[in-house]
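Encoded as C-alpha cells, the structure appears first; notes follow it.
Protein chains get the first letters and strands the later ones, always in sequence-line order, with residue 1 at the start of each. Because only heavy atoms are used, hydrogens play no part in the values below, and waters and symmetry mates are left out as well, while side chains stay in. Because the structure is a prediction, the values reported are computed rather than measured.
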2 protein chains.
Amino acid sequence: MIKEERQRLIIEKLNRDQKINLVELSQLLHVSYDSIRRDVIELEDKGLLKKVHGGAVANSYLSFKTTQGFGIDNQEVLHLTRKAQKLFENHQTILMDGGTTNFHIAEQFPKNLELTVITNSLPLAIVLNEHPKIETILLGGTYHKRYQITLGNQAMRQLEHLRVDLYLMGFNGLDPNVGVTLRNYEESVLKQKMAKSAKKVAICAITEKIHTIETYKVCDLHEIDFLVTSLKPSDPSLNDFRNKGIEII
Amino acid sequence: MIKEERQRLIIEKLNRDQKINLVELSQLLHVSYDSIRRDVIELEDKGLLKKVHGGAVANSYLSFKTTQGFGIDNQEVLHLTRKAQKLFENHQTILMDGGTTNFHIAEQFPKNLELTVITNSLPLAIVLNEHPKIETILLGGTYHKRYQITLGNQAMRQLEHLRVDLYLMGFNGLDPNVGVTLRNYEESVLKQKMAKSAKKVAICAITEKIHTIETYKVCDLHEIDFLVTSLKPSDPSLNDFRNKGIEII
DNA sequence: AAATATCTTGCAAAAAAATGCAAAAAAAAG
DNA sequence: CTTTTTTTTGCATTTTTTTGCAAGATATTT
C-alpha cells in the first residue's frame with residue numbers, strides 16, 4: 001500500500017469518526033505505529049488535520065464538533081463562542097477578521113440570524129454559505145496562503161468606505177498595560193484600520209491569551225468595548241479590564 | 001503492446017481506482033517496472049497524474065477538500081485546460097474569474113510557473129494554495145454563495161486600479177454574431193469591466209458552448225484575442241472567429 | 001509519585017527511484 | 001529490401017525514500 005493511499009484512508013476515517021487513534025489505525029492498516037505517526041505529521045503539515053496526544057482530530061476549519069472528546073481546552077472555546085452569540089442582533093453589520101475563534105463563532109450563528117458580515121477570511125466566508133440569512137462581503141487584497149486571509153493596501157482602501165456596527169477582533173495577546181498584541185505585522189496594521197471603521201470593538205479571549213504579550217501592538221484597551229471570556233464577569237483577574245470601561249461578557 | 005495503449009490503460013485504471021502501484025501495474029501489463037515508471041513520468045509531464053513514491057495518484061487526490069464538486073469528468077475539459085497552459089508565461093499578471101474551466105486551468109498550472117493571479121473566485125484562490133510561486137490577489141465585494149465569487153461595486157472599483165496582461169474570461173455562450181453571453185446579469189457587468197482592465201482577453205470554450213446564446217451579453221467578439229478550443233485551429237466551424245482576428249489555440 | 005501510555009530520536013534494513021548502458025524493436029532513409 | 005537512425009526496453013548499479021525497531025524522554029492517568 002502506498003503512502004498516499006494510507007493517508008487518504010486516514011483522512012476518510014477522520015471525517016467519519018471525528019477523531020482517530022494512532023495505535024488503532026496502525027492495526028487497521030497493518031503498518032507500524034511509526035508509519036502512521038509520520039503520516040499524521042505530514043497531514044498536519046498540509047493542514048488537513050490536527051495532531052493531538054494519542055491521535056488526531058479534524059482541522060478546526062472543517063468541523064467544530066470534531067474537536068470534542070479530546071481533553072484539550074476546546075471545552076472553553078465552545079463555551080466562549082456560545083457566549084459570544086450575545087453580541088449579535090438582527091440587521092447589524094459585523095466586521096470579522098481571520099482566526100479560529102471567529103471561525104467558530106460564525107459557525108455557531110443561529111440559522112435565523114440576519115446579519116451582514118464583512119470579512120477578510122476565506123474560511124469564514126465559506127462557512128457562512130450554510131447561513132442563508134447572512135449576507136457576506138469579502139475584503140479584497142493580497143491573499144495570504146497560510147492564514148487564508150486577504151491583506152494589504154487594497155483591503156485597507158476598501159475599509160475606508162465602510163462603517164460597521166461591531167468589529168469582532170481576533171488577536172494573539174491581551175494585557176491590561178500593553179493592550180492588544182499580535183504576532184504578524186501586516187495583520188496588525190489592517191486590524192488597526194478595522195477598529196477605526198467600527199462603532200464598537202469586541203474581543204473574545206480564551207484564558208490562555210489573557211496577560212500574554214506578543215510582538216506587534218494593535219491597539220490600547222480603551223479602544224475595546226466588549227471582552228468575551230469564559231471567566232465570570234466578577235472574577236478579580238478581570239478588574240484591570242473592567243476599570244478601563246470594557247464590558248465583560 | 002505499444003506505449004500509448006499502456007499509458008491509456010494506466011490512466012483508465014487511475015480513474016477507476018484513484019491510485020496505482022507501479023509494481024502491480026508492471027505485472028498486470030507484462031512489462032518491466034522501468035517501462036511503467038517511464039510511462040508514469042511522461043504522464044506526469046503531461047499533467048495527467050501525480051507521481052508519488054511507489055505509484056501515482058490522481059491529480060486532486062489529497063486536495064479533495066478544495067476541489068469538491070470540481071472533479072474533471074470530461075475528457076474534453078481535460079484536453080482544453082491542458083491546451084490553455086500555452087497562454088501563460090512567467091512573471092505575467094493574469095485576471096481569472098469564476099467557473100469550473102478556470103478552476104481546472106489553475107489546478108493544472110505547472111508548479112514552477114511564476115504568476116500573479118487576480119481573481120474574484122474563492123475556490124480559485126484556495127486551489128492556488130498549492131502553487132507556491134503564484135501570488136494571488138482577491139477582489140473584494142459582495143460574496144455570492146452559490147458561485148463562490150465576489151461581485152458588485154466594490155469589486156468594480158478595485159478593478160479600476162488594475163491593469164493586467166491577460167484576462168481569462170469564463171462564459172456561458174459564444175456565438176459569431178452575438179458575441180459572448182452569460183446567464184447572470186451581475187456577473188456580466190463585472191466581466192465587461194474585467195475585459196477593459198486587460199491588455200488581452202482569452203476564452204476557453206468546450207464545443208458545447210460554441211454557437212450557444214445566453215441572456216446577457218458580455219462583449220463582442222472583437223474584444224476577444226484568444227480562443228482555446230479542442231477543435232483543430234483549421235476546423236471550418238471556427239472560420240467566423242478567425243475572421244474577426246481571434247487567434248485560435 | 002508510580003505506572004502506563006505515547007512520543008521522539010537515531011539507526012539499519014528494505015523498498016523503490018534514478019541513472020547509465022546496451023540490446024531489441026520500430027521507424028526512416030536509401 | 002536492406003541499412004541507418006531513432007526510440008523503446010530491460011538490466012545492473014547507485015542513491016534516495018520509506019519503514020520498523022529499540023531506547024530514552026515526555027506526557028497522562030491512577
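The salt bridge (Lys or Arg N to Asp or Glu O under 4.0 Å) check on B:Lys3 picks up B:Glu42, with sequence neighbours excluded. Applying the salt bridge (Lys or Arg N to Asp or Glu O under 4.0 Å) test to A:Lys13 and every residue at least two apart in sequence or in another chain returns A:Asp17, A:Glu24. Checked against ring pair (Phe, Tyr, Trp, His ring centres under 6.0 Å), A:Phe109 has the following partners two or more places apart in sequence or in another chain: A:Phe88.
Within the 3.5 Å criterion, the main-chain N or O of A:Asn184 finds no donor-acceptor partner in the side chain of A:Glu187.
Identified under the salt bridge (Lys or Arg N to Asp or Glu O under 4.0 Å) test for residues 29-39 of chain A, with sequence neighbours left out: A:Arg6-A:Asp39.
The CG-P distance, from B:Leu22 to C:dA16, rounds to 9 Å in whole Å. A:Lys19 places its NZ atom 14 Å from the P atom of C:dT6, with the value rounded to the nearest Å. One can place CG of A:Asn21 at 19 Å from P of C:dT4, the figure rounded to the nearest angstrom.
Remark: B:Arg37 is not in phosphate contact with C:dA16, judged by side-chain N or O atoms under 4.0 Å from OP1 or OP2.
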Which pairs of donor and acceptor atoms, one on a side chain in residues 166-179 of chain A, lie under 3.5 Å apart (sequence neighbours left out)?
residue	atom	partner	partner atom	Å
A:Tyr167	OH	A:Asp97	OD2	2.5
A:Asn172	OD1	A:Arg183	N	2.8
A:Asp175	OD1	A:Asn177	N	2.9
A:Asp175	OD1	A:Val178	N	3.1

Return a single string for nucleotides 6-12 of chain D, one symbol per nucleotide in 5' to 3' order, where B is base contact, S is sugar-phosphate-only contact and - is none, cutoff 4.0 angstrom on heavy atoms.
--SBBBB
